[in-house]
Amino acid sequence: SKNRTTTAESFLRHFHQDILFFIQLAVLFLLAFSLAQPLLIVNKDAVSKNLIFVLDVSASSQVMEGGKTRLELSKEIIEGLVASKNSLILTKSSPVLALQDSGRSGLLRYLDTVKSTEDLGDISSAIILGANLLDDNKGRIVVVGDLITSKGMSLNTAKSIVESKGIHVDFINIAKDKRNNIGIIDLVLNQDTANIYIKNYNFRDESVKLKINNNFEILDIKENSVEPYVFNLEKGDTKVKIDVDDDFKVDNEIIITRPYGDKMKVLLISGKISKFVRAALNSIEDVDLEIAQLPVIPKGKFDVIILGEIN
């Protein structure tokens, strides 16, 4: 009987210790879980009733990630974070304010209509715009996308500027894998020349074959750097292509159209010729102006015919 009593006491003592152990273990699991998901804070803190979403709709949002585009994945993230007051900024070469102070249903309806573009992405300018929208700095900015910026200041610089005003900025990167990409990111047209800018997004130096119509050049571009290239424009279409096998095809080729290689032939028909119109047309270097007064109309082919004052 005494042995049975001792055994029972020992069992209860160990059982009590096991219960404390499991309670402590459960608390540790809860703490670990909360630390492992910092993004949940985005829609739970006091200022999150007012969210400024910065959504990447630039060309890189077309890239596929596990059967869905990056834009589709970004939309799903935003749908899970919607607050009572929401604004939406779309990142393009210049940020676009799509919605301001919208409710949940309004934002969700609008998200269904948003599509990817073939534009550049200036995320930093979108962040600065978002900060300007917040009254009394109450709210936060949530940037959703692959966080690839093609122009403007660095993301960390923009984040530091905004957070110095007391506005928190969250980055949510939906890019799951590293991708290879070399692309044409900008184009500057002059009278007879074009200047293209090619960026190597990879973290290694690359040699790129550049094809302009039937001409070829090899460009050596340092890792994560931009290489400019200037060439003469021809009459008609000029096809520019970088011959690379990467994960992003949309920025590998452009077509530049120059319809008039020579002067533009312009015919001005008027009963009374304005000296101001004549002076304006004659001041244009690429215009070959011919003036006609009714009823006489000259023969020939003209690129543009302007009808003036006719009685």
Side-chain angles (χ1 to χ4, degrees), residues 58-60 92-96 117-122 125 148-153 181-202 205-246 248-270 273-292 297-308:
S58 66
S60 64
K92 300 182 180 181
S93 52
S94 295
V96 175
T117 68
E118 295 189 1
D119 204 349
L120 302 174
D122 187 356
S125 293
I148 297 175
T149 183
S150 305
K151 58 180 295 190
M153 69 183 77
N181 185 33
I182 304 171
I184 301 170
I185 63 168
D186 204 359
L187 168 69
V188 177
L189 294 175
N190 298 306
Q191 186 70 27
D192 299 308
T193 62
N195 189 358
I196 61 171
Y197 295 84
I198 302 172
K199 182 170 182 177
N200 174 17
Y201 289 93
N202 302 328
D205 297 349
E206 299 279 2
S207 292
V208 178
K209 183 178 181 182
L210 174 65
K211 182 179 180 182
I212 302 176
N213 287 340
N214 296 319
N215 300 316
F216 296 89
E217 288 284 347
I218 301 296
L219 303 180
D220 294 322
I221 310 177
K222 296 291 185 180
E223 63 176 86
N224 201 31
S225 298
V226 177
E227 182 74 18
Y229 185 82
V230 181
F231 58 93
N232 294 323
L233 287 173
E234 301 177 4
K235 183 178 179 179
D237 292 343
T238 300
K239 185 176 181 180
V240 181
K241 182 178 181 180
I242 51 176
D243 190 7
V244 293
D245 183 18
D246 59 9
F248 194 48
K249 308 299 181 185
V250 70
D251 60 358
N252 291 347
E253 182 177 330
I254 60 172
I255 296 177
I256 305 170
T257 299
R258 188 187 186 200
Y260 303 106
D262 302 320
K263 285 191 173 184
M264 186 186 306
K265 297 192 67 176
V266 177
L267 174 63
L268 172 61
I269 303 175
S270 179
I273 307 299
S274 167
K275 63 180 181 180
F276 300 106
V277 174
R278 183 201 299 264
L281 291 172
N282 280 326
S283 68
I284 303 175
E285 183 179 346
D286 288 336
V287 167
D288 182 8
L289 178 64
E290 187 167 346
I291 298 174
I297 299 178
K299 295 181 180 180
K301 292 183 178 181
F302 296 92
D303 300 310
V304 178
I305 297 176
I306 302 174
L307 298 179

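Excluded from the calculations below are hydrogen atoms, water molecules and symmetry mates; all remaining heavy atoms, backbone and side chain alike, are included.
How far CZ of F231 is from CG of N195: 8.5 Å, rounded to the nearest 0.5 Å. Interatomic distance, L281 CG to L268 CG, rounded to the nearest 0.5 Å: 6.5 Å. Interatomic distance, OG1 of T238 versus CG of L189, reported as 9.5 Å (0.5 Å rounding). L267 contributes atom CG, which lies 11.0 Å from atom CG of D288 (distance to the nearest 0.5 angstrom). Residue S93 holds its OG atom at 12.0 Å from CD1 of I185, rounded to the nearest 0.5 Å. Atom-to-atom distance recorded for N200:CG and E223:CD is 8.0 Å, nearest 0.5 angstrom.
Identified under the salt bridge (Lys or Arg N to Asp or Glu O under 4.0 Å) test for residues 205-216, with sequence neighbours left out: R204-E206, D205-K222.
Summarising the geometry of I221 relative to E227, their closest heavy-atom pair is CG1-CB, 3.8 Å, with the distance given to 0.1 Å. For I184 against I242, the heavy-atom pair with the smallest separation is N-CD1, 4.3 Å. Minimum interatomic distance between A59 and V250 (heavy atoms only, all atoms of both residues): CB-CG1, 3.8 Å.
Counting only N and O atoms by type, the side chains of S207 and D220 include a donor and acceptor under 3.5 Å apart. Using modelled atom types and a 3.5 Å distance limit, the side chains of D237 and T257 yield a donor-acceptor pair.
Within a 6.0 Å sphere centred on CZ of F276, heavy atoms belonging to other residues, nucleotides or ligands number 12 at most. For K241, the NZ atom sits in a loose shell: 12 or fewer heavy atoms of surrounding residues, nucleotides or ligands are nearer than 6.0 Å. Counting non-hydrogen atoms of neighbouring residues, nucleotides and ligands closer than 6.0 angstrom, the CG atom of N190 exceeds 12 such neighbours.
Using a 4.5 Å heavy-atom cutoff, the side chains of I212 and E217 are not in contact. Using a 4.5 Å heavy-atom threshold, the side chains of L233 and D192 count as separate. The shortest side-chain heavy-atom distance between I254 and I196 falls under the 4.5 Å cut-off.
For D186, the side chain to side chain contact (heavy atoms under 4.5 Å, CB included) test picks out Y197, with sequence neighbours left out.
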Going through the distances and angles, do N181 and D251 end up as a side-chain contact (heavy atoms from CB on, under 4.5 Å)?
CA-CA 9 Å; N181 185 33; D251 60 358; 3.3 Å; yes
Chi angles and distances behind the side chain to side chain donor-acceptor pair (under 3.5 Å) call for D246, N252
CA-CA 9 Å; D246 59 9; N252 291 347; 3.2 Å; yes
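In this structure, D122 contributes its side chain and K92 its backbone to no donor-acceptor pair below 3.5 Å.
No salt bridge links E290 with K265; every basic N to acidic carboxylate O contact stays at or beyond 4.0 Å.
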